[in-house]
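Notes for the one structure printed next.
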There are 2 protein chains.
Amino acid sequence: MAPLGRIPEATVARLPLYLRGLDAFPVGVTATVSSDELADLAGVNAAKVRKDLSHLGTYGTRGVGYDVTFLRFQISQALGVANVWPVVVCGMGNLGRALANHTGFTDRGFPVVAATDSDPNKIGTIVDGVSVHAPGELGDIVRRLDVAIGVISTPAEAAQGTADALVAAGVTSIMSFAPTVLSAPDEVEIRSVDLATELQILGFHLHRNRIAGDA
Amino acid sequence: MAPLGRIPEATVARLPLYLRGLDAFPVGVTATVSSDELADLAGVNAAKVRKDLSHLGTYGTRGVGYDVTFLRFQISQALGVANVWPVVVCGMGNLGRALANHTGFTDRGFPVVAATDSDPNKIGTIVDGVSVHAPGELGDIVRRLDVAIGVISTPAEAAQGTADALVAAGVTSIMSFAPTVLSAPDEVEIRSVDLATELQILGFHLHRNRIAGDA
DNA sequence: AGCCTCTTGTGAACTGATGCACAAGGTGTC
DNA sequence: GACACCTTGTGCATCAGTTCACAAGAGGCT
Ligand SMILES: NC(=O)c1ccc[n+]([C@@H]2O[C@H](COP(=O)([O-])OP(=O)(O)OC[C@H]3O[C@@H](n4cnc5c(N)ncnc54)[C@H](O)[C@@H]3O)[C@@H](O)[C@H]2O)c1
Ligand SMILES: NC(=O)c1ccc[n+]([C@@H]2O[C@H](COP(=O)([O-])OP(=O)(O)OC[C@H]3O[C@@H](n4cnc5c(N)ncnc54)[C@H](O)[C@@H]3O)[C@@H](O)[C@H]2O)c1
């Protein structure tokens with residue numbers, strides 16, 4: 001019954017999964033989906049689906065389920081997927097190139113519009129359709145291309161400096177792959193994707209099971 | 001005072017950060033670190049550091065802090081970082097290549113020992129020192145090279161099949177980049193790294209702020 | 001020794017998220 | 001219209017994780 005109140009963080013993190021789950025239904029065709037089905041498609045449980053959707057003020061129909069088209073619209077609305085948020089990739093190394101070359105981002109409203117790199121051999125080149133600039137031009141790029149999100153894929157040593165430059169240019173959303181802690185003002189949202197840590201968490205469980213197995 | 005009880009998931013996820021924070025101290029030199037300092041280095045707060053470390057049964061010294069060398073040893077012990085867990089990368093495209101080429105993983109005990117790809121032009125080649133095999137050979141590879149962790153960087157359509165093959169070969173730890181839900185037996189630990197979702201979460205906050213700003 | 005300062009370890013309150021269970025409300029059939 | 005059948009929406013209990021606040025312990029200084 002919440003018309004448009006605050007949406008819990010945990011719910012926000014699942015909305016994209018629901019949206020993706022709805023891709024299983026053809027567009028334009030009238031269909032309904034139950035919380036049970038959607039739960040399967042998104043890999044969560046049905047109670048969570050219902051509670052999450054209730055935060056959107058979305059009304060399904062009791063006895064029937066949710067109208068797929070309307071639900072898609074509601075979630076898109078909440079996430080603001082109609083917007084296009086231009087992305088700048090800082091550090092066109094192995095990872096940066098993979099990101100820039102990835103079509104899935106552009107499709108979902110996150111086009112990579114420019115890149116920076118400190119390597120003189122890369123500056124001025126165009127990689128996968130993305131032009132590479134000197135780090136010093138970051139401020140210009142952000143303003144000129146209306147960049148909303150900065151991706152940090154530089155070595156860890158350069159990450160904080162890059163973050164500072166992004167913040168100085170007015171970017172308030174950062175996704176970082178550098179294995180280091182970044183500091184920034186509170187209003188800047190930083191999502192740190194730490195793959196080495198992910199592997200270490202897997203390693204922890206392997207280690208624990210091995211010990212348990214031996215005992 | 002917990003000697004070696006169950007460690008909460010949230011704590012496990014932070015242990016690698018503490019370990020990384022301790023890199024700020026030179027090895028072999030005697031030094032102590034307070035929960036406050038370590039909190040800064042890991043980007044969390046001091047209370048969390050103390051509670052987390054208390055789960056390891058680690059004892060710091062009141063009035064002084066934690067002995068850096070001993071703490072490093074304790075956390076390493078808990079995470080089992082002394083072990084080496086061989087990794088197979090499934091899908092040597094943009095992302096797979098970046099991962100295979102990344103030295104940071106090998107350094108931390110996660111060497112990429114082989115890869116698979118369905119592209120006949122890639123099968124049989126060696127990319128960045130990693131030999132690429134046909135998907136059908138996955139079982140052999142896992143057994144022969146004692147693979148512990150499977151990375152899925154295939155297109156989403158091929159992800160479930162790849163996961164099934166990994167599980168059939170006895171792999172119980174999977175890190176997936178494919179934007180899809182994977183099903184597997186309960187004993188298999190799957191960590192899904194969904195970059196498009198991460199961006200959408202950033203997009204949600206941008207969207208919300210934009211609305212708030214207009215109001 | 002006595003005292004002061006520092007920092008840990010932890011009980012306890014609090015917060016946010018999860019999952020259960022069921023009444024409320026809708027559909028379809030006879 | 002009445003009844004049988006579904007599935008939502010939500011109140012409530014529960015759980016995990018976070019944060020506070022402080023007593024207890026350790027070192028150092030006089
Ligand atoms: N490649 C992976 O699979 C992987 C996995 C986990 C984490 N990471 C992390 O992601 C980051 C990038 O990894 P990578 O493998 O692409 O490294 P890389 O060395 O291939 O690329 C880094 C790029 O950043 C550029 N660079 C350096 N300083 C810069 C600056 N100040 N501004 C802009 N560009 C700058 C370099 O010239 C280089 O091209 C690293 O922090 C790494 O630890 C990478
Ligand atoms: N590149 C990125 O930055 C990025 C970002 C987010 C998510 N992803 C996801 O990661 C995955 C890989 O992305 P990518 O950009 O590397 O794609 P890609 O198309 O460059 O690479 C995919 C590779 O997988 C191989 N492949 C196909 N079927 C296979 C199978 N059954 N077994 C083994 N290999 C198989 C293909 O031959 C290809 O080489 C995709 O699911 C993508 O959605 C990538």
Side-chain angles (χ1 to χ4, degrees), chain A residues 1-18 21-22 25 30-71 74-75 78 186 201 204-205, chain B residues 1-18 21-22 25 30-71 74-75 78 186 201 204-205:
Chain A
M1 205 188 256
L4 232 163
R6 219 187 66 76
I7 303 179
E9 243 343 268
T11 296
V12 173
R14 280 188 296 265
L15 291 181
L17 302 186
Y18 299 145
L22 292 178
F25 296 86
T30 310
T32 58
V33 59
S34 70
S35 57
D36 242 330
E37 291 175 87
L38 189 51
D40 270 358
L41 290 168
V44 301
N45 69 37
K48 233 181 294 201
V49 170
R50 290 201 296 275
K51 187 145 288 188
D52 283 343
L53 295 183
S54 77
H55 288 298
L56 304 186
T58 302
Y59 278 9
T61 310
R62 297 178 186 216
V64 178
Y66 302 88
D67 178 85
V68 170
T69 304
F70 183 59
L71 188 54
Q74 285 263 322
I75 299 178
D186 285 349
I201 295 171
F204 168 82
H205 292 289
Chain B
M1 205 192 255
L4 231 163
R6 216 187 67 77
I7 302 179
E9 242 346 88
T11 296
V12 172
R14 280 188 296 265
L15 291 180
L17 302 187
Y18 300 145
L22 292 178
F25 297 87
T30 310
T32 58
V33 59
S34 70
S35 57
D36 242 330
E37 292 176 85
L38 189 51
D40 270 359
L41 291 168
V44 300
N45 69 35
K48 233 181 291 202
V49 171
R50 289 202 296 277
K51 186 141 287 187
D52 283 343
L53 295 183
S54 78
H55 288 299
L56 305 186
T58 301
Y59 278 10
T61 311
R62 293 175 188 219
V64 179
Y66 302 88
D67 178 84
V68 171
T69 305
F70 183 58
L71 188 54
Q74 286 262 323
I75 299 177
D186 286 347
I201 295 171
F204 168 82
H205 291 289

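Proteins come first, then strands; the chains are lettered A, B, ... in the order of their sequence lines, and each starts at number 1. Any value given below was found using the heavy atoms of this structure, including those in side chains, with hydrogens, waters and symmetry copies removed.
A pairwise comparison of heavy atoms in B:Gln74 and B:Gly57 identifies OE1-C, 4.4 Å as the closest pair. Among all heavy-atom pairs drawn from B:Ala78 and B:Leu15, the shortest one is CB-CD1, 4.4 Å. Here the closest non-hydrogen pair linking B:Ala42 and B:Tyr18 is CB-CD2, 3.6 Å.
In this structure, A:Asp67 atom CG and C:dT27 atom C1' are separated by 16 Å, rounded to whole Å. Taking atom CD of A:Glu37 as the reference point, atom P of D:dT8 lies 9 Å away to the nearest angstrom. One interatomic measurement links the two molecules: CZ of A:Arg50 to P of C:dA17, which rounds to 19 Å at whole-angstrom precision. Rounding to whole angstrom units, CZ of residue B:Arg62 and P of C:dT7 are separated by 14 Å. Across the protein-nucleic acid pair, B:Asp36 atom CG and D:dT19 atom C1' stand 14 Å apart, rounded to whole Å. Rounded to an integer number of Å, the gap from CG of A:Leu71 to C1' of D:dG9 is 15 Å. Look at CZ on A:Arg6: it is 13 Å from P on C:dT15, rounded to the nearest Å. Regarding B:Leu53, its CG atom lies at a distance of 14 Å from the P atom of D:dT18, rounded to whole Å.
Listed nucleotides D:dT18, D:dT19, C:dT8 differ in distance to B:Ala10; the shortest reach to its side chain belongs to D:dT18. Closest to the side chain of A:Glu9, from the set D:dT8, C:dG9, C:dA17, is C:dA17.
B:Ser35 pairs with exactly one of B:Lys51, B:Lys48, B:Arg50 by the side chain to side chain donor-acceptor pair (under 3.5 Å) rule, that one being B:Arg50.
Both A:Gly63 and A:Pro8 sit near DNA chain C, but only A:Pro8 has its closest nucleotide nearer the 5' end.
Taking 4.0 angstrom as the limit, A:Tyr66 places a side-chain polar atom (N or O) nearer than this to OP1 or OP2 of D:dG9. Taking side-chain N and O atoms only, A:Lys48 has a distance below 4.0 Å to OP1 or OP2 of C:dG19. Contact check, B:Asn45 against D:dT19: a side-chain N or O comes under 4.0 Å of OP1 or OP2. OP1 or OP2 of C:dT18 lies within a sub-4.0 Å distance of a side-chain N or O belonging to A:Arg14.
Between the side chain of A:Lys51 and the base of D:dG9, no donor-acceptor pair of N or O atoms lies under 3.5 Å.
No side-chain heavy atom of B:Val49 sits less than 4.5 Å from a side-chain heavy atom of B:Arg14.
Using a 4.0 Å heavy-atom cutoff across all strands shown, B:Ser35 reaches sugar-phosphate atoms only and no base atom.
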